[in-house]
Enquirer: 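Once you've had a glance at the structure underneath, I'll fire off some questions.
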Amino acid sequence: KIIDYRSFEGSGIKEVIIPEGVETIGNSAFVRCDNLVDIIFPKSLKIISSNSFPFTGLTEVYIPNANCEIQDGAFDPSVKVIQAKNPGELVWKADVGNLGSSTPSADLMGNLYVVSSTGALLSINGLDGEVNWSFKPDAKENKLYDAGYVPIDHDGTIFFPYCRGITYAIDARTGKKKWEVSIGSQFLVLGYNNELFAVSANSLFKFNKDNGEKIWEYRANAEFKSPSIDSYGNVVVSNKDKKIYSINSSSGKPNWVFDTGVNPGTAEISIDTSGNLFVGGPDPYKFYSIDASTGQKLWESKFGEIDQSGSIDNLGNLFLGNNNAKIFSINTQDGEINWEFNAGAEVHGTPVIGNNGKIYVGSRDNKTFHAIDSKTGKIEWKFNTGGAIAESSPLIDNKGKVYFTAEDGFLYCIQTSSTGPADSPWPMFGQNAQRTGRAYDSDNDSLPDYKERQLGTNPDSNDSDSDGVLDN
């Protein structure tokens, strides 16, 4: 349980992973390890003694135990030490200007991306909230607009719908432009086969995501809202003509159209493991479950005035908030309410579900962020911000930190009791922290479950090259 006095003194080690179970790092344990540049500490760690890490190559460390004692002089003064917090405590907040209703995204390296209401795309370090880079094509542009969100591809490309009628592909590592296309997109999602789908007013476009080449355009008579990619690879999207469209991703032609009679909110459509769709709207308060393969209604209910379509856990429960200050848990099989929670103010964002069954979401005018037990609907803790939490839908990372924006201009990072998002069909807005908007891929091999079923492979076992032979 102890790494003792001068255990690794002067060694040439470069990277260290300290195993779970170690509780104490002794005095001078890693003294003069000049080549040591990376170290991972366990949650079991209780004490880091004085002079444990003097004269190393470390520049930044993360301590995952909020209650670990870090004694004076444990690290050189130049080392940035970041320590976890207890659930409900602020880890950091970053003043990144007027964010409006920006929903944060995250890449696979732990960096966050938000869009300011004046049109700048910001890359933020998830550990400390420092700005990595800022991308703004027109430095003179100060027009306020709906900040929205950016989807991120697995190769680190960010797709940014800029307010001046141009959509950009940005390299997440450098903040440099890869390509641009002259289309004023409002909502973007990523398909399974090198596809980028974009909504611009009453048009839905398909582009090649590698170069921005337009492949097809489908036009409707009214404005489209935020699309999703269903379990069959089709684009499903609501429209202000009060209809839901399923568009074939190959041909750009409708598979079916469902007339809801509902003026949609800004919501994407949430999707469960069976491929069923869930969508509602603020007027006249109807909410539907729809069979994605046929476009037939499965059930219909009313949950008040709704802007977002909710998140789905692995037990078949849907969580969503409304503009009447309610948060609901709903049975996806029949639309019956399991419980409801009074948030004290309207809820515009989609809740995020943690892997321990907690859900996290903010409410607007009372400036409160809530942690709620998904089984009981009871409050776990709450955190008060300096501004309203509007349309910002939170995300949770693999260290259990949750991120969201508020109208005071801050991006907030709060510690939770979760250690990552739920392994469920739709745990957050956009299905994942990259906000790709794609249906569930249960083994995370870049093959959606529907495609694995077509290939005859097990959706729970990896076959990343689609050859019918499981990965080792």
Side-chain angles (χ1 to χ4, degrees), residues 105-108 149-159 167 169 172 178 185 187-199 204-218 224 226-237 244-256 268-278 291-293 295 312 421 423-471:
S105 307
D107 65 19
L108 299 177
Y149 65 97
V150 294
I152 306 170
D153 199 15
H154 62 85
D155 67 356
T157 302
I158 304 166
F159 299 95
T167 296
K178 300 176 77 171
S185 55
F187 306 103
L188 302 170
V189 291
L190 296 171
Y192 296 109
N193 300 304
N194 217 39
E195 304 155 322
L196 172 68
F197 298 96
V199 163
L204 173 68
F205 294 89
K206 175 182 175 179
F207 296 98
N208 182 315
K209 67 179 177 61
D210 288 337
N211 56 26
E213 177 188 359
K214 188 176 83 171
I215 299 172
W216 53 250
E217 176 184 358
Y218 178 80
F224 282 114
S226 183
S228 300
I229 308 298
D230 72 12
S231 300
Y232 304 94
N234 302 307
V235 185
V236 287
V237 59
I244 304 295
Y245 290 77
S246 170
I247 306 295
N248 186 287
S249 61
S250 297
S251 67
K253 305 297 183 184
N255 299 309
W256 51 257
E268 62 178 2
I269 296 171
S270 305
I271 304 168
D272 69 8
T273 49
S274 300
N276 299 324
L277 313 178
F278 300 87
D291 187 316
S293 61
I312 302 171
D423 182 16
S424 73
W426 210 267
M428 66 185 84
F429 178 86
Q431 204 284 321
N432 49 65
Q434 291 74 52
R435 312 297 194 187
T436 62
R438 291 197 294 250
Y440 194 44
D441 175 17
S442 57
D443 55 11
N444 199 31
D445 63 357
S446 298
L447 287 171
D449 287 2
Y450 86 93
K451 191 167 187 177
E452 296 209 48
R453 288 192 288 269
Q454 291 173 353
L455 291 167
T457 57
N458 184 347
D460 294 324
S461 300
N462 293 52
D463 177 24
S464 57
D465 56 6
S466 309
D467 62 357
V469 178
L470 300 181
D471 298 343

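Throughout, residue positions are numbered sequentially from 1 according to the sequence presented. Values in this document were obtained by computation on a predicted structure and should not be read as measured data.
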Enquirer: For the residue pair Ser231 and Gly275, what are the closest heavy atoms and their distance?
Expert: OG-CA, 3.5 Å

Enquirer: Judged by atom type as modelled, is there a donor-acceptor pair below 3.5 Å linking the side chain of Asn432 to the main-chain atoms of Arg435?
Expert: yes

Enquirer: Using side-chain contact (heavy atoms from CB on, under 4.5 Å), reason through Trp256 and Ser293 one step at a time and then give a plain yes or no.
Expert: CA-CA 9 Å; Trp256 51 257; Ser293 61; over 6 Å; no

Enquirer: Will you find, in the side chains of Asp210 and Asn194, an N or O donor that is under 3.5 Å from an N or O acceptor?
Expert: yes

Enquirer: Do you know the tightest heavy-atom contact between Ala169 and Thr157?
Expert: CB-CG2, 3.9 Å

Enquirer: Would you confirm whether Asp230, through its side chain, and Asn234, through its main-chain N or O, come within 3.5 Å as a donor-acceptor pair?
Expert: yes

Enquirer: Indicate, with yes or no, if the rings of Tyr218 and Phe205 have centres closer together than 6.0 Å.
Expert: no

Enquirer: Could you check if a side-chain atom of Leu196 sits within less than 4.5 angstrom of a side-chain atom of Phe159, using non-hydrogen atoms only?
Expert: yes

Enquirer: If we only count heavy atoms from C-beta on, is the Phe278 to Asn276 side-chain gap below 4.5 Å?
Expert: yes

Enquirer: Could you give the distance from CG (Leu277) to CG (Asp291), rounded to the nearest 0.5 Å?
Expert: 8.0 Å

Enquirer: In chain order, what residues pass the salt bridge (Lys or Arg N to Asp or Glu O under 4.0 Å) check against Asp107, with sequence neighbours excluded?
Expert: none

Enquirer: Check each of Val237, Val235, Leu188 against Phe197 using the side chain to side chain contact (heavy atoms under 4.5 Å, CB included) test, and report the only one that passes.
Expert: Val235

Enquirer: With a 3.5 Å distance limit and no angle check, can you tell me whether Trp216 reaches the backbone of Ser249 through a side-chain donor-acceptor pair?
Expert: yes

Enquirer: Which residues pass the side chain to side chain contact (heavy atoms under 4.5 Å, CB included) test with Leu108, not counting sequence neighbours?
Expert: Gln434

Enquirer: Distance check, rounded to the nearest 0.5 Å: Ser226 atom OG versus Ile269 atom CD1?
Expert: 9.0 Å

Enquirer: Assess the residue pair Ile271 and Ser228 against the criterion (side-chain contact (heavy atoms from CB on, under 4.5 Å)); give the C-alpha distance rounded to whole Å, side-chain angles, the decisive distance to 0.1 Å, and a yes or no.
Expert: CA-CA 8 Å; Ile271 304 168; Ser228 300; 4.2 Å; yes

Enquirer: Answer yes or no: is there a donor N or O on one side and an acceptor on the other, between the side chain of Glu195 and the main chain of Tyr192, under 3.5 Å?
Expert: yes

Enquirer: In the structure I gave you, are the side-chain heavy atoms of Tyr232 and Ser246 within less than 4.5 Å of one another anywhere?
Expert: no

Enquirer: Should Phe187 and Phe224 count as side-chain neighbours, where that means a heavy-atom distance under 4.5 Å?
Expert: no

Enquirer: Indicate yes or no for a side-chain donor-acceptor contact from Thr273 to the backbone of Pro425 under 3.5 Å, with no hydrogens or angles considered.
Expert: no

Enquirer: Could you walk me through whether Ile152 and Thr436 pass side-chain contact (heavy atoms from CB on, under 4.5 Å), step by step?
Expert: CA-CA 7 Å; Ile152 306 170; Thr436 62; over 6 Å; no

Enquirer: Which heavy atom in Gly437 sits nearest to a heavy atom in Trp426, and how many Å separate them?
Expert: O-CH2, 3.7 Å

Enquirer: Given side chains that start at C-beta, do those of Leu190 and Arg438 come closer than 4.5 Å, heavy atoms only?
Expert: yes

Enquirer: To the nearest 0.5 Å, tell me how far Ile312 CD1 sits from Met428 CE.
Expert: 13.0 Å

Enquirer: Does Lys214 have any salt bridge (Lys or Arg N to Asp or Glu O under 4.0 Å) partners at least two apart in sequence or in another chain, and if so, which?
Expert: Glu217

